[in-house]
Amino acid sequence: MNRRRLSSQFDERWHELSIPAGTAQWAALDRRYLQHGLSTGRDSQPLILERGRGCTVWDSDGREYLDAHGGAWLTQVGHGREELAEVAAAQMKKLEHFSSPWHYTTKPAIEFAEALVARAPIGEARVRYSTSGSQCCDEALQVVRRYQWLRGAPERTWVLTLRGCYHGCTYGGAALNQGAIAAHGTFDGMGPVGGDIAQLTPPWPYHQELYGGMDLVDFCVRELETTIERIGPLRIAAMFGEPVMGVAGMVPPPDDYWPRMTEVLKAHDIPFVADEVVTAFGRVGAWYGSSYYGVEPDILVCAKGIASGYMPIGTLIIRSEVADVLEGDYSGGSYGGHAVSCAVAKACIDIIERENLLENARERGLQFLQELQPLLDLPVVGDVHGLGLALGVELVSDKITRTPLDD
C-alpha cells in the first residue's frame with residue numbers, strides 16, 4: 001500500500017471519528033473496539049457516561065443517575081472536584097512522574113507515604129506503591145512468601161484466606177480467591193491458579209447454618225486453631241482477610257471477630273494481611289477498617305478510594321519489622337509512586353478531613369441502613385447489613401433455607 005493511499009484512509013477514518021456522534025454511533029464504536037469485563041456480550045447496550053458532579057452522573061443523552069455504587073466503591077469525595085483537577089495539572093506542569101526503583105523518588109510520593117502511615121493502625125511502617133488493588137494483593141502474596149524465605153523459613157508457603165473472599169483479578173488474586181472467582185467462570189480454562197492456600201469459613205452472620213449451632217466467632221476461632229495445627233504453624237506464611245467482605249456482599253463480621261482471629265495469628269507468629277482495597281479511606285466510616293475493629297495488621301493493602309478514582313493508585317503499608325527484611329526487593333513497576341497520583345491522593349485526604357467525611361459516612365450509612373429495613377418484607381430479600389457506607393442487600397430464592405437468588 002503506498003503512502004498516499006494509507007494517508008487518505010487515515011484521513012477518512014479520522015473524519016468519521018471526529019464527527020459529533022449520537023449515542024447510537026458511540027455505542028456502535030464501543031461494541032466494535034472495546035471489550036467489557038463481565039458484559040453480557042457485544043450486543044449489550046453500553047451506558048455512555050459523560051460527566052459527573054458529587055454523587056450524580058449524566059449519560060450521553062443527558063439522563064441523570066445516582067451513583068450509589070460510588071464508581072466501584074471508590075469515589076469517596078464525589079465526582080467533578082475541580083480542585084483535584086487543578087492539583088493534577090499543577091503537578092503535571094512540574095513533573096508528571098519518575099519511576100521509583102533504586103534511589104529515585106518525588107516529593108508527592110514522600111508526602112503521601114507519610115500521610116498514609118500517620119493514619120494507619122500499624123505504628124512504624126514503610127509504603128510500597130502500585131497502580132491497583134489487584135496488583136497490590138498480588139504483590140502482598142509475593143511479599144509474605146518472600147519475607148518468610150528471607151528470614152530463613154522457606155517452608156512457610158501456606159496462606160490462609162476466607163471462602164467467598166476477593167483479592168483481585170491477577171493470577172495471585174485468583175489463587176487467594178479460589179472459588180469466589182471460579183464460580184463466575186473467570187479463570188476457567190486458564191490452567192492451575194492454586195498453590196498452598198487453605199480457605200476458612202467466612203464470618204457471615206446471616207448464614208448461621210455455617211456454624212453448626214455454635215457461636216459464629218467461637219466456631220471461626222476454633223477452625224483457625226485446628227487449621228493451623230493441621231498444616232503446622234511453621235509452614236504458614238500469612239493470613240489474608242478483608243475487614244468487611246466486599247464483593248461477597250459488603251458483609252461486616254461481629255465486632256470481636258478480627259480481634260480474636262488476629263490474637264491467634266500473633267500467638268503463632270503468622271502475619272496478618274488486611275485487604276482494605278474496599279474498606280480504607282472512609283468507606284466504613286474510618287480511615288481503615290482495621291482501625292474500626294481495633295486490629296494491627298502486618299501489611300495493609302489500599303487502593304480504590306485512595307485517590308477517589310481521580311487517578312489510579314494502590315499501596316502496601318508494611319510494618320517496619322517486615323519491611324526491613326525485604327529491603328532491596330523490587331516493587332511497584334514503572335508507574336509505582338506516580339507523582340500525579342500521589343499529589344491527588346494527598347489532596348483527597350485533605351478533603352476528607354476538611355469536610356469531616358468519615359463522620360458523614362458513619363451517619364449517612366446508619367441512616368441508609370435504617371431506611372433499607374422495609375426491604376426485608378420482600379420475598380427475595382433475606383438480609384440487609386453494612387458498616388458505614390459499605391452496605392449490602394442479600395437476595396435469596398428461599399428465606400427459610402437462605403438459598404442465594406440465581407444470577
Side-chain angles (χ1 to χ4, degrees), residues 18 20 26 47-60 62-100 104-120 127-133 135-136 276-278 280-283 285-288 302-315 317 332-361 364 389:
S18 61
W26 283 112
L47 179 61
I48 302 170
L49 299 173
E50 282 202 344
R51 62 189 178 93
R53 179 69 61 178
C55 57
T56 304
V57 293
W58 289 264
D59 70 11
S60 53
R63 288 174 297 203
E64 181 179 303
Y65 303 86
L66 174 67
D67 180 13
H69 193 206
W73 309 322
L74 56 79
T75 313
Q76 317 297 66
V77 302
H79 300 287
R81 290 272 189 169
E82 293 183 6
E83 62 192 282
L84 295 180
E86 292 168 359
V87 168
Q91 183 58 46
M92 286 180 184
K93 290 176 182 178
K94 291 192 293 185
L95 177 66
E96 78 294 341
H97 179 52
F98 204 92
S99 296
S100 58
Y104 302 109
T105 189
T106 64
K107 289 181 180 178
I110 298 169
E111 290 174 345
F112 186 52
E114 180 184 26
L116 280 172
V117 173
R119 292 160 179 80
V127 172
R128 289 187 175 200
Y129 286 116
S130 191
T131 53
S132 75
Q135 288 178 310
C136 287
E276 300 233 27
V277 171
V278 171
F281 280 69
R283 179 60 50 187
W287 281 115
Y288 303 96
C302 300
K304 286 193 182 291
I306 200 169
S308 201
Y310 284 78
M311 293 295 296
I313 183 172
T315 67
I317 307 174
S334 299
Y335 290 100
H338 194 279
V340 179
S341 295
C342 290
V344 171
K346 176 59 171 63
C348 282
I349 285 182
D350 297 338
I351 291 173
I352 289 171
E353 291 185 330
R354 185 173 67 246
E355 299 184 5
N356 204 19
L357 296 186
L358 299 182
E359 181 179 354
N360 186 68
R364 297 287 73 73
L389 280 170

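Quick note: numbers below take in every heavy atom, side chains included, and nothing from hydrogens, waters or symmetry partners. Because the structure is predicted, anything quoted here is derived from the model rather than measured.
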task = Working to the nearest 0.5 Å, report the span between CZ of Arg128 and OG1 of Thr315.
result = 12.0 Å

ask   = Nearest heavy-atom pair of Lys346 and Ala115: which atoms, and what distance?
value = CD-CB, 4.0 Å

key: Heavy-atom closest pair, residues Ala120 and Tyr288   = CA-CE1, 3.3 Å

key: Side-chain touch Cys136/Val277, heavy atoms, less than 4.5 angstrom   = no

message = With rounding to the nearest 0.5 angstrom, report the CD to CZ distance, Glu114 to Arg119.
response = 9.0 Å

key: Gap between atom OG of Ser60 and atom CG of Leu47 - 0.5 Å precision   = 7.5 Å

note = Tightest non-hydrogen contact, residues Ser308 and Gly78, listed as OG-N, 4.1 Å

query = Is it true that a side-chain atom of Ser100 and a backbone atom of Gly337 form a donor plus acceptor pair closer than 3.5 Å?
reply = no

task = Report yes if the side chains of Glu64 and Thr56 come closer than 4.5 Å at any heavy-atom pair, otherwise no.
result = yes

key: Close side-chain approach of His338 and Thr131, heavy atoms under 4.5 Å   = no

key: Donor-acceptor under 3.5 Å (Ser99 side chain, Ser334 main chain)   = yes

task = Answer yes or no: is there a side-chain heavy-atom contact under 4.5 Å between Leu357 and Gln76?
result = no

key: Interatomic spacing from NZ in Lys304 to OG1 in Thr75 - rounded to 0.5 Å   = 9.5 Å

ask   = Hey, does Asp67 have a side-chain heavy atom less than 4.5 Å from the side chain of His69?
value = yes

request  = State whether the side chain of Ser130 and the backbone N or O of Gly314 hold a donor-acceptor pair below 3.5 Å, judged by distance alone.
outcome  = no

query = Do side-chain atoms of Tyr310 reach the backbone of Gly80 as a donor and acceptor pair under 3.5 angstrom?
reply = yes

query = Between Trp58 and Tyr65, is a ring-ring contact (aromatic ring centres under 6.0 Å, His included) present by the stated rule, with each step listed?
reply = CA-CA 6 Å; Trp58 289 264; Tyr65 303 86; 9.4 Å; no

request  = Could you check Val117, Val127, Ile313, Thr106 and say which one makes a side chain to side chain contact (heavy atoms under 4.5 Å, CB included) with Phe112?
outcome  = Ile313

inquiry  = Using every non-hydrogen atom in the two residues, find where Met92 and Val340 come nearest and quote the distance to one decimal.
reply    = CG-CG2, 3.6 Å

task = Could you pull out the closest heavy-atom pair between Leu84 and Ala347, with the gap in Å?
result = CD2-CB, 3.5 Å

Close side-chain approach of Ile349 to Glu353, heavy-atom, < 4.5 Å = yes

query = Can you tell me how far OH of Tyr129 sits from CD1 of Ile306, rounded to the nearest 0.5 angstrom?
reply = 7.5 Å

query = Is Arg354 paired with Asp350 through a side-chain N to carboxylate O contact shorter than 4.0 Å?
reply = no

note = Closest non-hydrogen atoms of Val77 and Arg81, given as atom of the first, atom of the second and distance, are O-NE, 2.9 Å

